[in-house]
Amino acid sequence: MSVTARYTRYFILALVGLALFFLVSRSSLEIPTSSSFAPPRPTYEEVKADQTESHQTQSGGGLAKERANATFVTLARNSDIWDIAKSIRSVEDRFNRDYHYDWVFLNDKDFDDDFKKLTTALVSGTTHYGRIPKEHWSYPEWIDEDKAREVRLEMGRKKIIYGDSESYRHMCRYESGFFFRHPLMLNYEYYWRVEPSIELFCDVPGDPFLFMKQNNKKYSFVISLFEYIETIPTLWDSVKGFMKSHPEHIAEGNSMDFISEDGGETYNKCHFWSNFEIGSLEWLRSDQYMDYFNTLDQDGGFFYERWGDAPVHSIAASLMLKSEEIHFWNEIAYYHVPFTHCPSSEQTRLDLRCHCKPSENFDWAGYSCTKRWFDVNKLQKPDGWDTKQ
Ligand SMILES: Nc1nc2c(ncn2[C@@H]2O[C@H](COP(=O)(O)OP(=O)(O)OP(=O)(O)O)[C@@H](O)[C@H]2O)c(=O)[nH]1
Ligand SMILES: *[C@@H]1O[C@H](CO)[C@@H](O)[C@H](O)[C@H]1NC(C)=O
Ligand SMILES: [Mg+2]
């Protein structure tokens with residue numbers, strides 16, 4: 001064998017060896033390609049005003065068998081993007097990653113691409129983006145806008161929280177009387193309202209939407225407290241007018257005692273904190289709720305005062321629902337600045353892998369109305385409610 005032939009043989013052997021090495025190492029190491037870290041995501045088209053659009057995100061795990069006809073709903077501005085991202089991450093990690101419920105985003109302006117891209121990537125269900133029609137975010141014709149402006153200036157001078165804000169008033173009126181009538185919301189029976197920068201601290205045990213349906217609940221809350229009276233001086237007068245003109249809408253077995261200490265003469269300012277709500281859209285769309293909202297809206301306090309959707313929803317639920325139709329979620333641990341609901345019972349906190357600080361629980365504090373809710377309904381308070389944390 002010549003020297004050249006021998007070298008050629010070594011060369012071929014070396015080549016075969018290298019090829020084998022690459023084959024084996026590739027198959028055993030499973031070098032990830034970029035696509036396995038970044039699965040393809042949906043892209044977007046331009047949204048025209050008054051149009052809505054939807055995006056299906058690919059989802060991994062299996063769907064729960066029985067589902068409710070329900071959606072998350074968020075009213076937000078484009079500038080809320082990072083605060084709502086945080087909320088979504090929390091809701092997904094503690095609940096929705098196993099359920100893939102839809103999420104509806106509503107805005108008085110068009111959502112931009114950055115907002116849609118990020119929120120669609122974070123939500124495990126289908127996302128929908130809706131623009132609020134102008135008629136639902138403007139002054140009704142019976143409102144005197146000069147008078148409304150005067151009120152804002154005066155409430156601003158008095159340093160009443162959001163007293164000088166026009167957009168906050170449109171927001172409160174929209175949440176009080178319109179969000180459940182948005183075309184996108186007509187596709188669902190139940191909603192869960194999520195605001196920017198909230199946190200969930202415990203695993204959600206089971207499906208709250210299904211719980212609502214199976215137990216005939218129409219409204220639910222995690223935190224309740226007293227409202228600032230400066231924002232609602234004549235709200236109760238308006239409610240009394242409604243009770244007088246629509247006695248047929250007042251429920252037997254209602255929760256009047258939760259919101260009044262004197263059988264309905266005056267309002268004690270207790271309300272469910274509406275930045276968290278799981279509720280029935282069918283109830284909000286009912287004649288009774290619409291008659292109630294329209295009465296309040298005619299009286300003008302959304303603009304001439306600064307009525308919040310929290311007392312508006314809470315009074316409606318307290319008067320027009322049976323008290324058993326309202327539910328308090330002990331298991332859903334929640335934060336929205338500045339209050340926390342953290343389950344009182346240590347066992348519950350451990351079972352649900354909670355990471356809230358029990359000493360920050362607001363339920364039994366002086367400014368909370370939750371103790372009153374338990375007392376008027378003769379409900380048993382959770383273990384640990386009276387232990388100093
Ligand atoms: N699209 C839109 N969303 C708004 C506007 N103002 C408020 N929102 C949304 O309405 C919700 C409530 O507004 P926030 O600014 O969170 O009010 P807040 O400080 O939590 O109010 P309180 O809980 O009453 O103290 C949030 O989901 C906001 O993103 C607005 O002008 N346009
Ligand atoms: C969900 O509820 C809406 C509103 O009632 C209804 O129009 C829709 O058909 C329901 N969808 C399903 C899948 O049941
Ligand atoms: Mg908020």
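All residue numbers in this chain count up from 1 along the given sequence. Atoms within a ligand are numbered from 1 in the order they appear, just like the ligands themselves. Keep in mind the model is a prediction, meaning the values are calculated, not measured.
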- Message: Could you identify the single nearest non-hydrogen protein atom to atom 14 (O) of ligand 2 and state the distance to 0.1 Å?
- Response: N69 ND2, 3.4 Å

- Task: Measuring from the Mg ion (ligand 3), name the closest N, O or S atom belonging to E195.
- Result: OE1

- Message: Under 4.0 Å, counting heavy atoms only: does H336 come that close to any atom of ligand 1?
- Response: yes

- Message: Before we go on, tell me: are the rings of W329 and H327 under 6.0 Å apart, centre to centre?
- Response: yes

- Distance under 6.0 Å and angle within 45° of the ring axis: does K213 meet both against Y190? no

- Any N or O of L75 closer than 3.5 Å to N or O of ligand 1: yes

- Message: Can you check atom 9 (O) of ligand 2: any protein non-hydrogen atom closer than 4.0 Å?
- Response: no

- Message: Please check whether A76 reaches ligand 1 - meaning an N/O of the residue sits under 3.5 Å from an N/O of the ligand, judged on distance alone.
- Response: yes

- Item | Centroid-centroid under 6.0 Å between F374 and F328 rings | yes

- Ring centres of Y335 and F339 under 6.0 Å apart? no

- In this structure, atom 32 (N) of ligand 1 is nearest to the protein heavy atom D108 OD1, 2.8 Å

- Note on the structure: atom 13 (O) of ligand 1 has as its nearest protein heavy atom M171 CE, 3.6 Å

- Query: Is L281 touching ligand 2 with its side chain, its backbone, both, or neither, if touching means heavy atoms under 4.0 Å apart?
  - Reply: neither

- Query: At a non-hydrogen distance cut-off of under 4.0 Å, which region of D80 contacts ligand 1 (side chain, backbone, both, or neither)?
  - Reply: side chain

- Message: Under 6.0 Å between ring centres: does that hold for F362 and Y367?
- Response: no

- Task: Return the residue, atom name and 0.1 Å-rounded distance of the protein heavy atom closest to atom 22 (P) of ligand 1.
- Result: Y168 OH, 3.5 Å

- Item | W273 N/O under 3.5 Å from ligand 1 N/O | no

- Query: Is the closest heavy-atom distance from N107 to ligand 1 below 4.0 Å?
  - Reply: yes

- Are H341 and Y334 close enough that their ring centers fall under 6.0 Å? no

- Item | Ion pair check, E230 and K158, cut-off under 4.0 Å | no

- Message: Could you tell me, atom by atom, which parts of ligand 1 come under 4.0 Å of a heavy atom of W137?
- Response: 30 (C), 31 (O), 32 (N)

- Message: Polar contacts were defined as any N/O atom of the residue lying under 3.5 Å from an N/O atom of the ligand; does this apply to E175 and ligand 1?
- Response: no

- Task: Could you list the atoms of ligand 1 found under 4.0 angstrom from a heavy atom of P196?
- Result: 26 (C), 27 (O), 29 (O)

- Item | Sub-6.0 Å ring centroid separation between F180 and W283 | no

- Task: Verify whether the ring centers belonging to F72 and F209 lie closer than 6.0 Å.
- Result: yes

- Query: Between F272 and Y219, does the ring centre distance come in under 6.0 Å?
  - Reply: yes

- Message: Heavy atom to atom 18 (P) of ligand 1, shortest distance: which of Y162, F111, F339, Y174 holds it?
- Response: Y162

- Query: How about F303 and H170: are their ring centroids closer than 6.0 Å?
  - Reply: yes

- Item | Part of Y228 within contact of ligand 1 (heavy atoms, under 4.0 Å) | neither

- the Mg ion (ligand 3) to H336: nearest N/O/S atom name: NE2

- Any chance the rings of F178 and F293 have centres within less than 6.0 Å? yes

- Does a sphere of radius 6.0 Å around NZ in K240 hold more than 12 heavy atoms from other residues, nucleotides or ligands, not counting ones at 6.0 Å or beyond? yes

- side-chain hydrogen bond (donor to acceptor under 3.5 Å, both in side chains) filter on D299, not counting sequence neighbours, yields S238

- Message: For W103, give me all partners under side-chain hydrogen bond (donor to acceptor under 3.5 Å, both in side chains), at least two apart in sequence or on another chain.
- Response: T74

- Please work out which of R77, R131, R306 has its closest non-hydrogen atom nearest to atom 4 (C) of ligand 1. R77

- Item | Test of proximity, E195 against ligand 1: N or O pairs below 3.5 Å | yes

- Note on the structure: Note: ligand 1 atoms sitting under 4.0 Å from heavy atoms of N275 are 23 (O)

- Task: May I ask you to check whether E282 has an N/O atom sitting below 3.5 Å from an N/O atom of ligand 2?
- Result: yes

- Query: Does G308 have a heavy atom less than 4.0 Å from any atom of ligand 1?
  - Reply: no

- Note on the structure: One finds that the ligand 2 atoms under 4.0 Å from a non-hydrogen atom of L186 are 3 (C), 4 (C), 7 (O)

